[in-house]
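Report on the following structure.
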Amino acid sequence: MVEYTCSRLCFKADVIEPLGENDSFVVHTPDGAFLFTKTDFYSVFSNVVKTESYQEGRIYSYSRLPQKAMQFLISDRHKTGKYTKKSIRQKDLVGEDIRAKIKEAGLLWHNSPNNPLVDGEVLKKWDNLIEEWIGDKTLPLIIRKETSKRGQAFTHPCGREIIVSDNTVAIWVFSNVLKGKIFTLHEIKELLRRNELPMVFMATKDIKTKAKYTKPLGYNPLANWKLCHIRPVGFNTGKCIGDLDISEIE
């Protein structure tokens, strides 16, 4: 977890961008300390990420503290100077009674005829496409790890190209799943060859300079839906990509 101090709430791109999606950072201000994960920041402060101030100037600050930041306010540090789980716990703004009602509404929605279900055949064809993709050694594999290198590609010791991405590719895939759109392996190859398969959330100046694949995801690709992980997808290892066995990546 990284920390920095400012005279008001501000976001420093050079500190935040190298972080992993679930890594945390703390901003100390006269109004208190605020704890964010990178995912929190991109989700709640998506407007900040898109500003010229953040992208080019590498810093964005608020003249007045926004209300949406209050959910990230944390208590003071203990005398040890370290945050404990207790000290970084966010205030419960919901409560158990309301939370129970939310769960009840969620079950109603899950079983509702208005819930847009994905065609089983579409899912099956995408599963088959992924298996074909893995089996075709001429195609690069896309991995969500070391996302500070988004869009960059390198050759794995086994000889296969590896592309670094974030959640962009997963979001792009699921947006097509919701539309019922299927791709062939040949079409995927062409998208990659023409740099038309979205690989990054936003093509920043740094990405354009360093990356091989720079196609941005675009605005609102899921039409007001949000993609979340049902099962863990991390490697749970500090190894760099080149040290991972290719079968593990596959």
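Position 1 is the first residue of the sequence; numbering continues from there.
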Next on the checklist: Could you go through Glu104 and Leu107, starting from their C-alpha distance and side-chain angles, then the distance that decides it, and tell me whether this counts as side-chain contact (heavy atoms from CB on, under 4.5 Å)?
Outcome noted: CA-CA 5 Å; Glu104 184 180 337; Leu107 286 171; 5.9 Å; no
Next on the checklist: Before you tell me yes or no, could you show the steps for Glu196 and Glu190 under side-chain contact (heavy atoms from CB on, under 4.5 Å), namely the whole-Å CA-CA distance, both residues' side-chain angles and the distance that decides it to 0.1 Å?
Outcome noted: CA-CA 8 Å; Glu196 292 181 1; Glu190 283 299 298; over 6 Å; no
Item to check | Steps toward salt bridge (charged side-chain N to carboxylate O under 4.0 Å, His left out) verdict (Glu17, Arg58) | outcome: CA-CA 10 Å; Glu17 292 309 307; Arg58 311 303 289 167; over 6 Å; no
Checklist entry - Going through the distances and angles, do Thr29 and Arg8 end up as a side-chain contact (heavy atoms from CB on, under 4.5 Å)? => result CA-CA 5 Å; Thr29 78; Arg8 53 190 177 181; 5.7 Å; no
Item to check | Tyr4/Cys10 under side-chain contact (heavy atoms from CB on, under 4.5 Å): CA gap, chis, key distance, verdict | outcome: CA-CA 10 Å; Tyr4 58 88; Cys10 74; 4.0 Å; yes
Next on the checklist: I'd like to know whether Asp40 forms a side-chain hydrogen bond (donor to acceptor under 3.5 Å, both in side chains) with Thr37, so could you lay out the CA-CA distance, the side-chain angles of the two residues, the decisive distance to 0.1 Å, and finally the verdict.
Outcome noted: CA-CA 5 Å; Asp40 291 333; Thr37 64; 3.0 Å; yes
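In this structure, Leu185 and Leu129 have side chains that are in contact, with non-hydrogen atoms separated by less than 4.5 Å. Within the 4.5 Å cutoff, the side chain of Asp23 has no heavy atoms near those of the Val2 side chain. Between Tyr213 and Leu197 there is no side-chain heavy-atom pair separated by less than 4.5 Å. A 4.5 Å side-chain heavy-atom check between Arg160 and Thr155 finds every atom pair outside the cut-off. Using a 4.5 Å heavy-atom threshold, the side chains of Leu192 and Met199 count as touching. At least one side-chain heavy atom of Ile246 sits under 4.5 Å from a side-chain heavy atom of Ile162. Taking the side chain as every heavy atom from C-beta outward, Tyr62 and Val48 approach each other to under 4.5 Å. When side chains are defined from C-beta on, Val173 counts as touching Val177, because their heavy atoms get closer than 4.5 Å.
Within 6.0 Å of NZ on Lys181 lie no more than 12 heavy atoms contributed by other residues, nucleotides or ligands. For Arg194, the CZ atom counts as densely surrounded, since its 6.0 Å shell holds more than 12 non-hydrogen atoms of other residues, nucleotides or ligands. Applying the 6.0 Å contact sphere to NZ of Lys137 captures more than 12 heavy atoms from other residues, nucleotides or ligands. Around atom CD of Glu248, more than 12 heavy atoms belonging to other residues, nucleotides or ligands sit under 6.0 Å away. Within 6.0 Å of atom CG in Asp97, 12 or fewer heavy atoms from other residues, nucleotides or ligands are found, so the atom counts as exposed in its surroundings. Within a 6.0 Å sphere centred on NZ of Lys68, other residues, nucleotides and ligands contribute more than 12 heavy atoms. Applying the 6.0 Å contact sphere to NZ of Lys149 captures no more than 12 heavy atoms from other residues, nucleotides or ligands.
A ring-centre distance under 6.0 Å is found for Trp172 and Phe183.
Taking the charged nitrogens against the carboxylate oxygens, Lys212 and Glu161 do have a contact shorter than 4.0 Å, which makes a salt bridge. Ion pairing between a basic and an acidic side chain is recognised when a charged N comes within 4.0 Å of a carboxylate O; Asp206 and Lys210 show such pairing. At a threshold of 4.0 Å, the pair Lys145-Glu21 does not count as salt-bridged, since none of the basic side-chain nitrogens sits closer than that to a carboxylate oxygen. A salt bridge does not link Lys125 to Glu121: none of the charged side-chain nitrogens sits closer than 4.0 Å to a carboxylate oxygen.
Smallest separation of non-hydrogen atoms from Ser24 and Leu19: O-CD1, 4.3 Å. Considering all non-hydrogen atoms of both residues, Asp166 and Thr168 come closest at OD1-OG1, 2.6 Å. Annotation for Leu222 and Phe174: closest pair CD2-C, 4.1 Å, computed over non-hydrogen atoms. Lys189 approaches Asp136 most closely through the heavy-atom pair NZ-OD2, 2.9 Å. The two atoms that bring Pro140 and Trp133 nearest to each other are O-NE1, 2.8 Å, heavy atoms only. Scanning all heavy atoms of the two residues, the minimum distance from Ala13 to Pro18 falls at O-CD, 3.9 Å.
Here the CG atom belonging to Asp31 is positioned 5.0 Å from the CG atom belonging to Leu65, to the nearest 0.5 angstrom.
No option in Val200, Ile163, Thr214 other than Val200 meets the side chain to side chain contact (heavy atoms under 4.5 Å, CB included) test with Arg150. For the side chain to side chain contact (heavy atoms under 4.5 Å, CB included) criterion with Phe72, the lone passing option out of Val27, Val44, Val26, Leu9 is Val44.
Scanning for ring-ring contact (aromatic ring centres under 6.0 Å, His included) contacts around Phe11 gives Phe36, Phe41, Phe45, with sequence neighbours left out.
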